[in-house]
Amino acid sequence: GTGAAEAVIADIAVGDRFVYLLTPEQVTLGDIPPGSVAELPLSLTVPPAYTGPQRLPITIRLADRRDRFRWEHPLGLMLAK
């Protein structure tokens with residue numbers, strides 16, 4: 001859009017108890033001007049004995065301070081086996 005994203009917060013949800021998130025589950029990205037990007041650091045670990053799905057169940061939720069601007073999407077990371 002043409003307006004800034006305001007007070008953006010990212011929530012990272014992991015849907016498997018054997019996928020360990022090493023970064024905070026919630027990160028404040030702040031204001032993002034139109035046409036700009038913000039980086040979301042993400043670090044995780046999966047044990048060698050992991051038997052869950054190859055596509056890791058991680059979802060990113062972004063929320064602007066205004067309720068009508070929310071976005072949720074599976075991250076789609078694939079685990080090489």
Side-chain angles (χ1 to χ4, degrees):
T2 58
E6 300 175 6
V8 177
I9 294 175
D11 287 304
I12 305 165
V14 178
D16 189 294
R17 66 185 179 144
F18 296 111
V19 177
Y20 305 104
L21 189 60
L22 303 175
T23 52
E25 293 178 355
Q26 188 175 80
V27 177
T28 299
L29 300 174
D31 295 343
I32 305 171
S36 295
V37 297
E39 290 187 22
L40 176 62
L42 179 66
S43 182
L44 56 98
T45 185
V46 180
Y50 175 74
T51 59
Q54 190 173 3
R55 184 176 307 275
L56 297 175
I58 301 170
T59 300
I60 302 293
R61 295 182 190 103
L62 298 175
D64 184 286
R65 75 166 178 80
R66 300 160 291 187
D67 285 338
R68 68 182 186 270
F69 297 114
R70 298 192 181 272
W71 179 82
E72 181 175 320
H73 192 74
L75 202 52
L77 291 177
M78 297 292 287
L79 182 65
K81 290 191 174 186

Heavy-atom closest pair (P53 atom, D16 atom, distance to 0.1 Å) is CD-OD2, 4.4 Å

Side chain to side chain contact (heavy atoms under 4.5 Å, CB included) filter on T28, not counting sequence neighbours, yields I9

Residue pair F69, V8: steps toward the side chain to side chain contact (heavy atoms under 4.5 Å, CB included) verdict: CA-CA 10 Å; F69 297 114; V8 177; over 6 Å; no

Heavy-atom nearest pair, P33 first then A4, reads CA-CB, 4.1 Å

- Donor-acceptor pair, side chain of D64 and main chain of E6, under 3.5 angstrom: yes

Note: T59 and E72 closest approach over all heavy atoms is CG2-CG, 3.4 Å

Pairwise side-chain contact, L22 with T45, heavy-atom cut-off 4.5 Å (strictly under): yes

field: Check: L77 and L44 side chains under 4.5 Å, non-hydrogen atoms
entry: yes

For A13 and R61 the tightest heavy-atom approach is CB-NH1, 3.3 Å

Sequence neighbours excluded, the answer for side-chain hydrogen bond (donor to acceptor under 3.5 Å, both in side chains) partners of R70 is D67

For A38 and I32 the tightest heavy-atom approach is CB-CD1, 3.6 Å

inquiry  = When you compare the side chain of S43 with that of T23, does any pair of heavy atoms fall below 4.5 Å?
reply    = yes

Residues at least two apart in sequence or cross-chain that pass side-chain hydrogen bond (donor to acceptor under 3.5 Å, both in side chains) with R55, listed by chain then number, are none

Output for pair (L42 CG, L21 CG), nearest 0.5 Å, gives 6.0 Å

Measure the acute angle between the ring planes of Y20 and F18, then classify it against the limits of 30° and 60° as parallel, tilted or perpendicular.
perpendicular

So CG of L40 and CG of L29: to nearest 0.5 Å the spacing works out to 6.0 Å

CD1 of I58 to CD1 of I60, rounded to nearest 0.5 Å, is 7.5 Å

Minimal heavy-atom distance between D31 and A7, with the atoms involved, is OD1-N, 2.7 Å

